[in-house]
Amino acid sequence: MSDPVAHQGPAASDTASAAGNVEYRVAHLHDRLAAEELGELGVRAEIRAGAIVITGTVPSAQCRETLLRVAHEELAGLTVHTDVLVAETTGPDHAEEL
């Protein structure tokens, strides 16, 4: 019985290795977001169509900037799309009409 990876050549092996590396880097980003200064669990990073898509909501603009910095550090060299919103936490400036 032959090993199918051995017959695919180096290009197929490199592609599989690169995909595994991207998954590892995304998992490491999740770990950093949960464990470091952000403690941010409401943000998702997924691999879609060869790019990393980061989505979610954070409590402040400072958190968003920190998130983007950490993502840039972890995912340098990859295509990254972000859709991270800042939650509005200030009180209303006028009374609500009912």
Side-chain angles (χ1 to χ4, degrees):
M1 189 173 282
S2 64
D3 181 10
V5 174
H7 297 290
Q8 292 176 353
S13 177
D14 290 346
T15 301
S17 176
N21 186 33
V22 171
E23 290 174 5
Y24 172 80
R25 291 172 69 183
V26 169
H28 194 256
L29 173 64
H30 279 284
D31 290 345
R32 281 190 65 185
L33 293 178
E36 290 188 8
E37 67 268 15
L38 282 177
E40 190 57 56
L41 299 174
V43 175
R44 296 177 53 110
E46 301 174 323
I47 303 168
R48 294 186 194 161
I52 311 304
V53 179
I54 301 174
T55 59
T57 303
V58 294
S60 70
Q62 182 179 5
C63 285
R64 184 179 189 277
E65 292 303 316
T66 302
L67 167 78
L68 296 178
R69 178 185 52 79
V70 170
H72 177 74
E73 291 171 3
E74 289 298 325
L75 305 174
L78 299 174
T79 302
V80 178
H81 301 284
T82 58
D83 186 16
V84 178
L85 302 174
V86 176
E88 185 63 43
T89 57
T90 60
D93 60 354
H94 61 281
E96 181 178 359
E97 297 280 334
L98 295 179

Exercise for the section: For Asp83 and Ile54, run side-chain contact (heavy atoms from CB on, under 4.5 Å): C-alpha distance rounded to whole Å, both residues' side-chain angles, the deciding distance at 0.1 Å, then the answer. Expected result: CA-CA 6 Å; Asp83 186 16; Ile54 301 174; over 6 Å; no
Problem - ILVMFWY network linking Val53 to Leu33, side-chain heavy atoms under 4.5 angstrom - result: no
Problem - Validation row: Ile52, Thr79 side chains within 4.5 angstrom (heavy atoms) - result: no
Exercise for the section: Would you name the heavy atoms of Arg64 and Val86 that are closest together and state the gap between them? Expected result: CD-CG2, 3.8 Å
Practice task
Report yes or no: does His30 contribute a side-chain atom to a donor-acceptor pair with the main-chain N or O of Ala45 at less than 3.5 Å?
Solution key: yes
Practice task
Give a yes or no on whether His72 atom NE2 has more than 12 heavy-atom contacts from other residues, nucleotides or ligands under 6.0 Å away.
Solution key: no
Handout entry: Single-linkage hydrophobic cluster, 4.5 Å side-chain cutoff, Leu75 and Val22 together
Key = yes
Fill in the blank from the handout: Closest non-hydrogen atoms of Glu74 and His28, given as atom of the first, atom of the second and distance, are OE1-ND1, 2.7 Å
Completion exercise
Closest non-hydrogen contact found for Arg25 with Ala76 is NH2-O, 2.6 Å
Practice task
Kindly work out whether a path of hydrophobic side-chain contacts (I/L/V/M/F/W/Y, heavy atoms less than 4.5 Å apart) joins Leu78 to Leu68.
Solution key: no
Practice task
Could you please spell out the steps behind the side-chain contact (heavy atoms from CB on, under 4.5 Å) verdict for Thr55 and Val84?
Solution key: CA-CA 5 Å; Thr55 59; Val84 178; over 6 Å; no
Problem - Glu73 with Arg69: basic N within carboxylate O range, under 4.0 Å - result: yes
Practice task
Show your reasoning for whether side-chain contact (heavy atoms from CB on, under 4.5 Å) applies to Ile47 and Val26.
Solution key: CA-CA 8 Å; Ile47 303 168; Val26 169; 4.1 Å; yes
Completion exercise
Note: Leu29 and Ala71 closest approach over all heavy atoms is CD1-CA, 3.8 Å
